[in-house]
Amino acid sequence: MFPIYDVIVVGAGHAGCEAAHAAAQMGSKVLLCTMNMNTIAQMSCNPAMGGVAKGQIVREIDALGGMSGIISDKSMIQFRMLNRSKGPAMWSPRSQNDRMKFAEEWRLALEQTPNVDFWQEMITGLLVKNGELKGVRTSIGLEIQGKSVVLTNGTFLNGLIHIGEKQFGGGRTGEAAARGITEQLVQLGFESGRMKTGTPPRVDGRSLDYSKMEVQHGDENPEKFSYSDKTTTLKEQRTCWITYTNKDVHSSLEEGFDRSPMFNGRIQGLGPRYCPSIEDKINRFAERDRHQIFVEPEGWNTVEMYINGFSTSLPEDVQFKALRKISGFENAKMFRPGYAIEYDYFPPTQLKLTLETQLIENLYFAGQINGTTGYEEAASQGLVAGINASLKVQEKDPFLLKRSDAYIGVLIDDLINKGTDEPYRMFTSRAEFRLLLRQDNADLRLTQKGHDIGLASDERLAKMNTKKEETARLINDLKQKKLSPVSINTGLEESGTAIIKEKITAEKLLKRPQIGLKDLKSFNPEINEYLSNYSIEVLEQAEIQIKYDSYIEKEQQMVDKLSNMENFKIPLNFDYKAIPALSTEGKQKLTKIRPETMGQASRISGVTPADLSIITVYLGR
């Protein structure tokens with residue numbers, strides 16, 4: 001009935017979709033297994049993509065040849081570039097999306113990808129014979145042969161939904177939990193744990209009074225995620241709104257705390273620190289009189305509204321009573337209550353940097369099974385797992401991203417070397433080389449790498465090279481172009497910066513914080529005409545590279561210094577226990593994580609500089 005597949009992907013969420021698409025694009029025969037074909041790429045929580053550091057990840061996925069950026073663009077209803085008031089390392093694209101269109105676009109993309117087959121059924125176990133992975137077993141007892149398996153189970157592994165004192169099994173509201181896989185993996189020697197996440201109630205937008213809320217428009221000149229020409233920017237956008245909780249809302253919520261599964265001990269798993277429930281916020285920040293609430297449309301045509309900032313697992317009557325005390329929500333009608341969900345995960349220290357498990361060869365984990373939270377984090381892991389599963393089957397070298405290459409590299413390095421006890425979320429502060437890892441240059445950093453492994457297309461590579469060449473040419477021209485005092489001093493005065501007394505290059509002027517290319521265009525008609533020959537992308541890239549040249553150079557020097565350690569390989573069978581001089585904690589951590597390089601070893605919590613020196617001696621340095 002089934003052929004032998006190169007890659008079997010279990011789960012069709014954000015991680016599973018990226019894994020299946022990547023492996024298939026690279027020539028592998030792929031089977032994507034899901035419990036429900038109608039919920040492929042479901043946006044289980046908020047209808048949005050990107051955000052602080054997450055937007056950088058979406059751009060990186062796109063630059064490598066993944067699909068999340070394209071799908072986000074095609075289903076976008078609003079776009080905002082966050083943190084524009086800060087430096088470019090902090091700029092983060094975010095889109096509001098049409099939930100139904102997002103899922104539809106992903107399914108269509110996968111159906112149009114050669115080499116992808118689908119199977120709708122719960123996967124209850126792995127086929128493992130003599131320690132070798134052979135495929136998967138379904139709930140009706142079918143055995144499907146596969147050379148590699150990528151598990152992207154999301155919140156479905158023994159999922160348990162909590163609404164007040166009610167609890168019931170489920171991976172999402174209205175969908176069954178997945179059973180069998182956790183138990184088998186534990187029997188095979190894997191360590192597992194429990195985590196928790198939650199979602200807010202959804203309300204009828206027709207019942208809200210928007211005149212009492214703050215309007216939140218999208219950007220005046222919206223951008224997009226994908227570097228490709230397959231998508232276009234928005235011509236019109238839907239509006240979002242902002243309102244706030246108040247003391248009455250908090251009092252109503254507190255009345256239900258005795259029935260809260262979070263406070264009475266029924267929820268055992270740890271929730272996301274940076275996306276707490278409304279009851280957790282009230283409890284932790286008791287001194288605050290109000291909390292911000294974002295009212296976000298679920299799509300172009302639906303009246304359903306997502307109440308961002310009001311995630312809760314309190315009883316539905318408590319939720320409803322409190323909602324109606326929010327300004328603008330006095331007559332709100334609730335479509336469905338918020339809930340919390342507990343699920344199984346496997347500490348990611350049990351993985352290699354390829355996301356292949358250490359215990360079972362050719363078995364890969366991606367997404368929330370690794371303890372992460374967020375569509376973007378999941379999608380990036382799915383992409384890397386799908387790429388590496390495909391390369392392994394084809395007997396090619398693995399694909400690895402360093403911390404200096406991408407936020408995706410930071411994410412995976414953090415998970416494998418540090419592990420996580422709570423749902424991991426990416427932030428710009430986690431990346432020590434964030435000035436190099438900007439959202440605007442993901443294509444310059446990664447498209448060549450994506451093309452080298454057969455994922456990014458020739459067209460993508462050509463487009464990136466054109467951008468790179470035009471940026472270099474523009475920077476060189478700006479270094480040569482000299483401007484006289486008479487041509488620009490009036491503009492300089494108006495910009496609040498010092499006038500010049502002799503000719504100065506355009507490049508030197510651009511290093512001033514008050515001056516941008518936009519200003520130079522307004523100062524000088526000749527420059528305006530010249531710059532009009534370049535795309536907005538190239539102009540932005542040139543300006544950033546000129547303004548931050550010395551900082552970028554210093555950061556690159558740091559990367560170069562550390563590269564020696566990253567290139568210093570450690571044999572995977574290295575016996576740390578045989579070295580008596582190593583610290584006890586160092587032996588334990590190194591034996592468990594099995595770092596592949598000295599650079600990776602140096603980032604493991606508990607491994608001391610003395611431990612690193614000793615290992616270096618034993619390896620012959």
Side-chain angles (χ1 to χ4, degrees), residues 42-55 58 68-69 71-85 91-103 105 198-225 231 233-246 249 274-278 281 290-312 319 322-336 338 374-376 439:
Q42 181 84 289
M43 297 182 109
S44 307
C45 200
N46 61 322
M49 288 291 283
V52 176
K54 292 168 175 278
V58 178
S68 286
I71 302 298
S72 298
D73 288 349
K74 287 185 174 181
S75 59
M76 191 185 294
I77 64 174
Q78 189 192 83
F79 181 91
R80 294 176 67 227
M81 184 67 77
L82 307 183
N83 291 333
R84 271 286 192 188
S85 61
W91 298 351
S92 302
R94 184 185 188 271
S95 66
Q96 204 65 40
N97 293 83
D98 185 312
R99 184 187 300 279
M100 291 181 284
K101 188 163 179 59
F102 186 94
E105 290 291 349
T199 194
R202 312 305 201 267
V203 304
D204 187 337
R206 297 169 298 183
S207 65
L208 302 181
D209 184 353
Y210 300 104
S211 67
K212 295 182 178 180
M213 306 180 198
E214 300 171 17
V215 177
Q216 187 182 48
H217 295 296
D219 286 352
E220 187 176 344
N221 297 303
E223 299 177 40
K224 61 192 187 86
F225 282 110
T231 61
T233 56
L234 286 173
K235 298 294 183 284
E236 60 176 307
Q237 303 182 65
R238 278 210 68 176
T239 302
C240 296
W241 291 268
I242 298 173
T243 185
Y244 299 88
T245 62
N246 53 56
V249 175
Y274 302 103
C275 189
S277 64
I278 188 65
K281 283 191 273 193
R290 68 176 193 170
H291 294 280
Q292 199 170 44
I293 301 293
F294 295 90
V295 182
E296 302 172 341
E298 295 262 350
W300 281 114
N301 303 311
T302 181
V303 298
E304 188 172 0
M305 292 287 171
Y306 180 86
I307 313 306
N308 195 339
F310 205 85
S311 174
T312 180
Q319 295 184 35
L323 267 176
R324 285 201 155 193
K325 293 184 177 179
I326 297 173
S327 183
F329 280 68
E330 292 82 2
N331 299 305
K333 295 178 181 178
M334 194 161 68
F335 278 168
R336 46 188 162 134
Y375 308 145
E376 304 83 3
Q439 57 84 30

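Position 1 is the first residue of the sequence, and the numbers go up from there. Just so it is clear, the structure is predicted and the values come from calculations on it, not from any experiment.
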Assess whether side-chain contact (heavy atoms from CB on, under 4.5 Å) is satisfied between His217 and Gln237, documenting all intermediate values. CA-CA 8 Å; His217 295 296; Gln237 303 182 65; over 6 Å; no
Say whether, by atom type as modelled, one donor and one acceptor occur between the side chain of [X] and the main chain of [Y] under 3.5 angstrom.
{"X": "Gln78", "Y": "Gln216", "value": "yes"}
{"X": "Gln42", "Y": "Ala103", "value": "no"}
{"X": "Gln319", "Y": "Pro201", "value": "no"}
{"X": "Glu105", "Y": "Ile71", "value": "no"}
{"X": "Thr243", "Y": "Ser327", "value": "yes"}
{"X": "Ser207", "Y": "Lys333", "value": "yes"}
{"X": "Tyr306", "Y": "Pro200", "value": "no"}
{"X": "Asp98", "Y": "Ile77", "value": "no"}
{"X": "Tyr375", "Y": "Cys45", "value": "yes"}

So among Val249, Thr245, Asp209, Ile307, which one has a side chain to side chain contact (heavy atoms under 4.5 Å, CB included) with Phe329?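 Testing each of Val249, Thr245, Asp209, Ile307 against Phe329, the sole residue satisfying side chain to side chain contact (heavy atoms under 4.5 Å, CB included) is Ile307.
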Please evaluate residues Glu214 and Tyr244 with respect to the criterion side-chain contact (heavy atoms from CB on, under 4.5 Å), reporting the C-alpha separation (whole Å), side-chain torsions for both, the decisive distance (0.1 Å), and the verdict.
CA-CA 10 Å; Glu214 300 171 17; Tyr244 299 88; 3.2 Å; yes
For this session: Start with the C-alpha gap between Leu82 and Trp91, add the side-chain angles, then the distance that decides, and say whether side-chain contact (heavy atoms from CB on, under 4.5 Å) holds.
Result: CA-CA 6 Å; Leu82 307 183; Trp91 298 351; over 6 Å; no
So, taking the atom named [atom1] in [X] and the one named [atom2] in [Y], what distance separates them when rounded to the nearest 0.5 Å?
{"X": "Phe102", "Y": "Lys74", "atom1": "CZ", "atom2": "NZ", "value": "12.0 Å"}
{"X": "Met100", "Y": "Asn301", "atom1": "CE", "atom2": "CG", "value": "7.5 Å"}
{"X": "Lys281", "Y": "Ser311", "atom1": "NZ", "atom2": "OG", "value": "8.5 Å"}
{"X": "Asn46", "Y": "Glu298", "atom1": "CG", "atom2": "CD", "value": "9.0 Å"}
{"X": "Thr312", "Y": "Ile278", "atom1": "OG1", "atom2": "CD1", "value": "8.0 Å"}

Practice prompt. State whether Glu223 and Arg84 are salt-bridged, where the test is any N-O pair (Lys NZ or Arg NE/NH1/NH2 against Asp/Glu carboxylate O) under 4.0 Å.
Written response: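 Here Glu223 pairs with Arg84 in a salt bridge, since their nearest N and O are under 4.0 Å apart.
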Taking only residues two or more places apart in sequence or in another chain, which ones pass salt bridge (charged side-chain N to carboxylate O under 4.0 Å, His left out) with Arg336?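 Testing Arg336 for salt bridge (charged side-chain N to carboxylate O under 4.0 Å, His left out), a comparison that skips the adjacent residues, returns Glu304.
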Taking every non-hydrogen atom, the tightest pair across [X] and [Y]:
{"X": "Met81", "Y": "Ser92", "answer": "SD-C, 3.5 Å"}
{"X": "Trp300", "Y": "Met76", "answer": "CZ2-O, 3.4 Å"}
{"X": "Gly218", "Y": "Arg80", "answer": "CA-CG, 3.9 Å"}
{"X": "Asp73", "Y": "Phe225", "answer": "OD1-N, 2.8 Å"}
{"X": "Ser68", "Y": "Ser72", "answer": "O-OG, 2.7 Å"}
{"X": "Ser75", "Y": "Asn97", "answer": "OG-ND2, 3.0 Å"}

* Under 6.0 Å from the CG atom of Asp204, do we count more than 12 heavy atoms belonging to anything else shown? ->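 Yes.
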Donor on one side chain, acceptor on other, Arg94 and Gln96, under 3.5 Å
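The answer is yes; a qualifying pair exists.
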* Asked: Are Phe310 and Ile326 side-chain neighbours, meaning at least one heavy-atom pair lies under 4.5 Å?
  ->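 They are in side-chain contact.
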